[in-house]
K.L.:
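Submitted below is the structure of interest, expressed as structure tokens.
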Amino acid sequence: MMIPPFLSIDPATRHVSLDASNPAFYRDPNAVYAALHAHCPTFYWEQQKQWFFTGYDHVNSLLRDRRFGRQILHIASREELGLQEPDQHVAHFDLAERYSLLELEPPEHTRLRTLVNRAFVSRHVEKMKPELAELANKLIDSFEKDNEVELLSAFADIIPVTMIARMIGIPEEMGPQLLKWSHAYIRMYLFGRTREDEDGADRAAKEFSDYVKTVIAERRANPRDDLLTHMIHTEHKGQYLTEDELVSTTIVLLNAGHEATVHQIGNSVRIILDSGRDPADLFKDEATTERTVEESLRICAPVHIFQRWALEPVEIDGISFKRGDKVSLILAAANLDPAKYSDPLTFKPDRNEAANLSFGAGIHFCIGAPLARLELNVILPILFERLPGLRVARTPVVKNVYHFHGLDRLDLSW
Ligand code: HEM
């Protein structure tokens, strides 16, 4: 297995040096993941100052391991862990994240997740199939005659935000504004974020929260058949959600609800076109469509890394972690583990191997997975069927960020 020139691995110490801002890496991270699998699947990333796991079995079991958590301050103080006090310039962002499902552990996590879960189960989201197909068709109508399109702005950007806004009960005309807030907000999760990113994210968090509060007030006065009304009026063991919990939950659903899915629509279309396979075969029926979608999620996932805190001293793969250490799990690399997948870097929708880990596992398993899967399974066959001869018109531009993996543009013609 070749090691790319910009990657340095010391198998003896398991130390790896890799600049995440190097375009050669973030444009094609799969090549690096393959080299890591071959030489050093568990490694200390010098620039990130943390241990990373790429092995499928390690990532899968760590996601489920209750000795690790998304949160640590529920069991230890900042002082005890030697953590800095929170930065004041991101106070609005921190408040918006305070009750994010993604940042909680049981029992708070269980309570919040139970309240929203019902809206996201497959049999509920399945009902959105006709309106999803209608939206995809309407968007294609608007550019079909042009014989070319930039797919992200004309199609991929619009569908997930429209669907999640409808579910929550946010007026659809807010779509463009929601996208702006969300783009600014998620810059906080990027490697190498700048002070400017932090200020932008904090501003977005404040504006976003203020806006959500006005919608909450409106729904309290005039209940409707939407998720926000449901969250306001549903109690769990005699307790209602507080205003801050409602705001956090709404924001995390809106952000997570479209950002990853937008990227995945672009990634899937690109992978399918690059594979040279006949779309008529790939989308022959529902079962083949599902395999095509899952294989594109495996080989080109939109969000590569999730982190965990060690909640107690624990040893994994010969590495000792103490309480308060952070570990990173590279889901997109686990999806390429040669121990689980034959010829892992090749798009093979007919493979019958391990399920991909792109939606995580365990108690934080993506609550939106049934919705995201429905979106991909409904809109991709429509796109390929309506635009026969679809092809890539210009080399796609991968976003200049790690660890989100998506395209800036996907120019297509037919
Ligand atoms: C292709 C699209 C998507 C991918 C690849 C994805 C991926 C993930 C992953 C890997 C996690 C687990 C994180 C962890 O374990 O730390 C997660 C959690 C989550 N996702 Fe998604 N997601 C997608 C779409 C969505 C959608 C459409 C929604 C919203 C409706 C959503 C809402 C959430 C929420 C709220 C959580 C936190 C769940 C919890 O902590 O209990 N995601 N997602």
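In this chain, numbering begins with 1 at the start of the sequence shown. Heavy atoms only: backbone and side chains are in, while hydrogens, waters and symmetry mates are out. Small disclaimer: the values here were computed from a predicted structure and weren't measured. Numbering of ligands and ligand atoms starts at 1, following listing order.
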K.L.:
Hey, is Lys322 close enough to Asp325 for a salt bridge, meaning N to O under 4.0 Å?
P.N.:
yes

K.L.:
Between Lys206 and Asp202, does the salt bridge (Lys or Arg N to Asp or Glu O under 4.0 Å) criterion hold? Intermediate values first, please.
P.N.:
CA-CA 6 Å; Lys206 165 140 189 15; Asp202 198 60; over 6 Å; no

K.L.:
Among Leu246, Leu253, Ile251, which one satisfies side chain to side chain contact (heavy atoms under 4.5 Å, CB included) with Thr249?
P.N.:
Leu253

K.L.:
Which of the numbered atoms in ligand 1 are under 4.0 angstrom from any heavy atom belonging to Pro302?
P.N.:
5 (C)

K.L.:
If a pair satisfies side-chain hydrogen bond (donor to acceptor under 3.5 Å, both in side chains) and one of its residues is in residues 151-169, list it, with sequence neighbours excluded.
P.N.:
Glu131-Arg166, Glu150-Ser153, Arg166-Glu172

K.L.:
Answer with side chain, backbone, both or neither: which part of Glu375 has a heavy atom less than 4.0 angstrom from an atom of ligand 1?
P.N.:
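No part of Glu375 comes within reach of ligand 1.
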
K.L.:
Who are the ring pair (Phe, Tyr, Trp, His ring centres under 6.0 Å) partners of His37, not counting sequence neighbours?
P.N.:
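Listed in chain order: nothing, the list is empty.
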
K.L.:
State whether the shortest distance between N or O atoms of Leu101 and N or O atoms of ligand 1 falls below 3.5 angstrom.
P.N.:
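Min N/O separation from ligand 1 is below 3.5 Å for Leu101.
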
K.L.:
Looking at Arg323 and Glu80, is there a salt bridge between them, counting it only when a charged N and a carboxylate O are closer than 4.0 Å?
P.N.:
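Looking at Glu80 and Arg323, the cut-off is met.
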
K.L.:
Any ion pair linking Glu353 and Lys340 (charged N to carboxylate O, less than 4.0 Å)?
P.N.:
no

K.L.:
Given that the side chain starts at C-beta and the backbone is N, CA, C, O, which of these parts of His258 lies under 4.0 Å from ligand 1, counting heavy atoms, or is it both or neither?
P.N.:
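His258 to ligand 1: no contact under 4.0 Å from either part.
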
K.L.:
Closest non-hydrogen protein atom to atom 37 (C) of ligand 1, residue and atom name please, with distance?
P.N.:
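Result for atom 37 (C) of ligand 1: Leu102 CG, 3.5 Å.
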
K.L.:
Considering all heavy atoms of both residues, which atom of Tyr33 and which atom of Ala333 are nearest to each other, and what is their separation?
P.N.:
CG-CB, 3.6 Å

K.L.:
With a cut-off of 2.8 Å, which protein N/O/S atoms are close to atom 21 (Fe) of ligand 1, if we only count those under it?
P.N.:
Cys366 SG

K.L.:
Checking Thr346 against Asp343: is there a side-chain donor and acceptor pair closer than 3.5 Å?
P.N.:
yes

K.L.:
Which ligand 1 atoms are under 4.0 Å away from a heavy-atom of Leu331?
P.N.:
10 (C)

K.L.:
Kindly state each residue pair satisfying ring pair (Phe, Tyr, Trp, His ring centres under 6.0 Å) with at least one member in residues 237-276, sequence neighbours excluded.
P.N.:
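Listed by first then second residue: nothing to list.
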
K.L.:
With a 4.0 Å heavy-atom cut-off (strictly under), which part of His364 contacts ligand 1: side chain, backbone, both or neither?
P.N.:
both

K.L.:
Which atoms of ligand 1 are found less than 4.0 Å from any heavy atom of Ile363?
P.N.:
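Those atoms are 41 (O).
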
K.L.:
Salt-bridge test for Arg111 and Glu245: reply yes if a basic N is under 4.0 Å from a carboxylate O, no otherwise.
P.N.:
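Looking at Glu245 together with Arg111, the answer is yes, because their closest N to O distance falls below 4.0 Å.
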
K.L.:
What part of Gln307, side chain from CB on, backbone N/CA/C/O, both or neither, has a heavy atom under 4.0 Å from ligand 1?
P.N.:
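It is neither part, as no heavy atom is under 4.0 Å.
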
K.L.:
If we only count N/O pairs under 3.5 Å, is Gln264 in contact with ligand 1?
P.N.:
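No.
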
K.L.:
What protein heavy atom lies closest to atom 14 (C) of ligand 1? Include the residue and the distance to one decimal.
P.N.:
Arg308 NH2, 3.4 Å

K.L.:
Got a salt bridge between Glu243 and Arg220, using NZ or NE/NH1/NH2 to carboxylate O under 4.0 Å?
P.N.:
yes

K.L.:
Using a strict cut-off of 4.0 Å, indicate which atoms of ligand 1 neighbour a heavy atom of Ile164.
P.N.:
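It comes down to these atoms of ligand 1: 30 (C).
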
K.L.:
Answer side chain, backbone, both or neither: which part of Leu104 comes under 4.0 Å from ligand 1, heavy atoms only.
P.N.:
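For Leu104, no heavy atom sits under 4.0 Å from ligand 1.
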
K.L.:
Would you mind running through ligand 1 and noting each atom that sits below 4.0 Å from a heavy atom of His109?
P.N.:
39 (C), 40 (O), 41 (O)

K.L.:
Can you list the steps and then say if Glu295 with Arg351 is a salt bridge (Lys or Arg N to Asp or Glu O under 4.0 Å)?
P.N.:
CA-CA 8 Å; Glu295 178 67 350; Arg351 65 171 77 240; 3.0 Å; yes

K.L.:
Considering only the protein, which heavy-atom contact is closest to atom 38 (C) of ligand 1, and what is its distance?
P.N.:
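Closest protein heavy atom to atom 38 (C) of ligand 1: Arg113 NH1, 3.4 Å.
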
K.L.:
Taking 4.0 angstrom as the limit, do Arg14 and Asp317 come out as a salt bridge?
P.N.:
yes

K.L.:
In terms of atom number and element, which parts of ligand 1 are under 4.0 angstrom from non-hydrogen atoms of Phe120?
P.N.:
30 (C)

K.L.:
For atom 7 (C) of ligand 1, what's the nearest protein heavy-atom neighbour? Residue, atom name and distance, please.
P.N.:
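So the nearest neighbour among protein heavy atoms is Ser358 O, 3.4 Å.
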
